[in-house]
Amino acid sequence: MVKPKTEEEIELLRENAILVSKTLAEVGKCVAPGVTTLELNRVAETFIRDNGAIPSFLGFEGFPAALCISVNDVVVHGFPSDYVLKEGDIVSVDCGTLYKGYNGDSAYTFPVGEVDAETRKLLDVTKASLYKGIEAAVAGNRTGDIGYAVQSYVESFGFSVVRELEGHGLGREMHEDPGVPNYGRRGRGTHLVDGMVLCIEPMINAGGRGVYLARNGWAVHTSDHRKSAHYELTVVVRKGCAEQLSTYDFIEKDGKINF
């Protein structure tokens with residue numbers, strides 16, 4: 001049985017969620033051809049610390065950076081590096097904070113300059129699938145309803161769901177129960193109750209669903225080296241309609257990146 005959060009805990013998680021959302025927007029302002037992913041990491045860490053929080057990814061099980069920065073065929077958990085972003089790349093930025101004893105966690109995949117039509121479609125479909133999952137995150141449903149909503153949507157466009165990775169609960173720990181797969185069957189999985197806090201995070205491949213782990217033990221790549229997109233928001237399970245804690249409003253205006 002997963003214990004729901006109190007309203008006081010939810011407000012602390014909301015503070016983290018807003019900070020993570022603003023951090024992603026600060027990073028997004030810097031995403032451009034010619035910028036290194038290390039520079040994006042520096043921007044995020046500075047912003048998080050300037051706002052009185054700690055970058056929770058830094059040092060987590062040995063992870064060496066404040067952000068997971070995953071370019072093109074890297075699904076998740078990429079290291080910031082001297083890699084210089086190029087026109088047509090996509091870069092997934094996953095950010096975490098620790099503030100007042102609670103965690104924030106959210107992700108967004110940014111296009112670098114102009115991207116081709118297939119890549120644009122991958123980004124749009126992946127993000128839309130996240131909102132499909134959020135629509136299913138209501139009291140009385142199960143985690144399988146979330147996974148089914150994501151999977152059925154993305155597969156209708158010919159894209160693939162990564163099955164080795166999933167969303168999760170959030171609270172004092174960065175990863176809490178329940179796990180939230182991006183595939184599944186309706187009516188299966190953990191029962192959702194009012195007050196559960198979940199990170200829903202579709203990881204969707206343009207090609208096949210196969211992935212492999214890099215030698216560094218962290219970065220997950222697509223097996224066919226086609227691109228992968230990743231979006232993540234934190235929500236509270238409620239009766240009738242999930243409540244979003246993190247948001248893309250600081251990044252987007254009218255559904256488009258506003259930098």
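By the 6.0 Å contact criterion, CD on E173 is open, its count of non-hydrogen atoms from other residues, nucleotides or ligands being 12 or less. In R163, the CZ atom is crowded: over 12 heavy atoms of neighbouring residues, nucleotides or ligands sit closer than 6.0 Å.
Annotation: the span from D89 atom CG to T109 atom OG1 amounts to 12.5 Å, rounded to 0.5 Å. Taking CG of D177 as the reference point, atom CG of L170 lies at 12.5 Å (rounded to 0.5 Å). Rounded to the nearest 0.5 angstrom, Y153 OH and N182 CG are separated by 14.5 Å. Distance check: S81 OG to I69 CD1 gives 8.0 Å after rounding to the nearest 0.5 Å. Distance OG1/T143 to CE/M196: 8.5 Å, rounded to 0.5 Å. The CG atom of L198 sits 6.5 Å away from atom CG of L192, with the distance rounded to the nearest 0.5 Å.
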Quiz: residues 207-214 side-chain donor-acceptor pairs under 3.5 angstrom, not counting sequence neighbours:
none

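Contact detail for A242 and A137: the closest heavy-atom pair is CB-O, 3.3 Å. Listed here is the closest heavy atom pair of F57 and F63: O-CB, 3.5 Å. Between P178 and T190 the shortest heavy-atom distance is CB-OG1, 3.7 Å. Smallest separation of non-hydrogen atoms from S246 and A17: N-CB, 3.5 Å. In terms of heavy-atom proximity, P111 sits nearest to L123 at CB-CD1, 4.0 Å. Taking all atoms of both residues into account, the shortest heavy-atom contact from A25 to F250 is CB-O, 3.4 Å.
Residues I90 and N72 are in side-chain contact: their nearest non-hydrogen atoms beyond the backbone lie under 4.5 Å apart. L13 has its side chain out of reach of T234: every pair of non-hydrogen atoms, C-beta onward, lies at least 4.5 Å apart. Proximity of V74 to V220: side-chain heavy atoms (C-beta onward) are nowhere separated by under 4.5 Å. Taking 4.5 Å as the limit, every side-chain heavy atom of S92 sits out of range of all side-chain heavy atoms of V76. Looking at heavy atoms from C-beta onward, V75 lies out of side-chain contact with H230 at the 4.5 angstrom threshold. Side-chain contact between L233 and Y131 is present, with heavy atoms from C-beta onward closer than 4.5 Å. Proximity of M203 to V161: side-chain heavy atoms (C-beta onward) are nowhere separated by under 4.5 Å. Under the 4.5 Å side-chain criterion, counting only non-hydrogen atoms from C-beta, L24 is not in contact with F47.
Under the 4.5 Å side-chain heavy-atom criterion for Ile, Leu, Val, Met, Phe, Trp and Tyr, F110 and L85 are members of the same hydrophobic cluster. Linking Ile, Leu, Val, Met, Phe, Trp and Tyr residues whenever their side-chain heavy atoms come within less than 4.5 Å leaves V236 and V138 in two separate clusters. Under the 4.5 Å side-chain contact rule for hydrophobic residues, L245 and L12 share a cluster. Residues L40 and V71 share a single hydrophobic cluster, defined by chaining ILVMFWY side chains whose heavy atoms lie under 4.5 Å apart. Cluster membership for V20 and I134, using ILVMFWY side-chain heavy atoms within less than 4.5 angstrom, is shared.
A donor-acceptor contact closer than 3.5 angstrom is absent between the side chains of Y148 and N141. Between the side chains of N205 and T222, no donor N or O sits under 3.5 Å from an acceptor N or O. Using modelled atom types, one finds no donor on one side chain facing an acceptor on the other under 3.5 Å when comparing Y231 with E201. No hydrogens or angles considered: a donor-acceptor pair under 3.5 Å links the side chains of H168 and D105.
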Test salt bridge (Lys or Arg N to Asp or Glu O under 4.0 Å) applied to E252 and K127, step by step: CA-CA 12 Å; E252 299 177 348; K127 187 170 63 174; 2.6 Å; yes
Derivation of the side chain to side chain contact (heavy atoms under 4.5 Å, CB included) call for L122 and K227: CA-CA 8 Å; L122 174 66; K227 290 176 179 174; 4.1 Å; yes
Side chain to side chain contact (heavy atoms under 4.5 Å, CB included) between V197 and I10, worked out: CA-CA 8 Å; V197 175; I10 289 169; 4.2 Å; yes
Between D94 and L67, is the side chain to side chain contact (heavy atoms under 4.5 Å, CB included) condition met? List the steps. CA-CA 6 Å; D94 195 351; L67 294 178; over 6 Å; no
Walk me through whether V84 and K86 qualify under side chain to side chain contact (heavy atoms under 4.5 Å, CB included). CA-CA 6 Å; V84 178; K86 302 188 299 292; 5.7 Å; no
Start with the C-alpha gap between N16 and T97, add the side-chain angles, then the distance that decides, and say whether side-chain hydrogen bond (donor to acceptor under 3.5 Å, both in side chains) holds. CA-CA 6 Å; N16 275 275; T97 58; 2.8 Å; yes
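With respect to T23, the side chain to side chain contact (heavy atoms under 4.5 Å, CB included) criterion is satisfied by exactly one of I48, V43, V93, N51: I48.
In summary, R14 and E8 do not engage in a salt bridge, as defined by a charged side-chain N under 4.0 Å from a carboxylate O. Using a 4.0 Å cut-off between charged nitrogen and carboxylate oxygen, K100 and E11 do not count as a salt-bridge pair. Salt-bridge annotation for K121 and E118: absent, with no side-chain N of the basic residue lying under 4.0 Å from a carboxylate O of the acidic one. A salt bridge links D124 with R120; the closest basic N to acidic carboxylate O contact falls under 4.0 Å. D194 and R238 are joined by a salt bridge, as a carboxylate oxygen and a charged side-chain nitrogen come within less than 4.0 angstrom of each other. Under a 4.0 Å N-O distance rule, the pair K5/E176 qualifies as a salt bridge. Classification of E45 and R49 as a salt-bridged pair holds, one side-chain N sitting under 4.0 Å from a carboxylate O.
Between F159 and F157, the ring planes lie parallel to each other; the angle is under 30°, not in the 30° to 60° tilted range.
In this structure, the side chain of E87 engages the main chain of E114 through a donor-acceptor pair within 3.5 Å.
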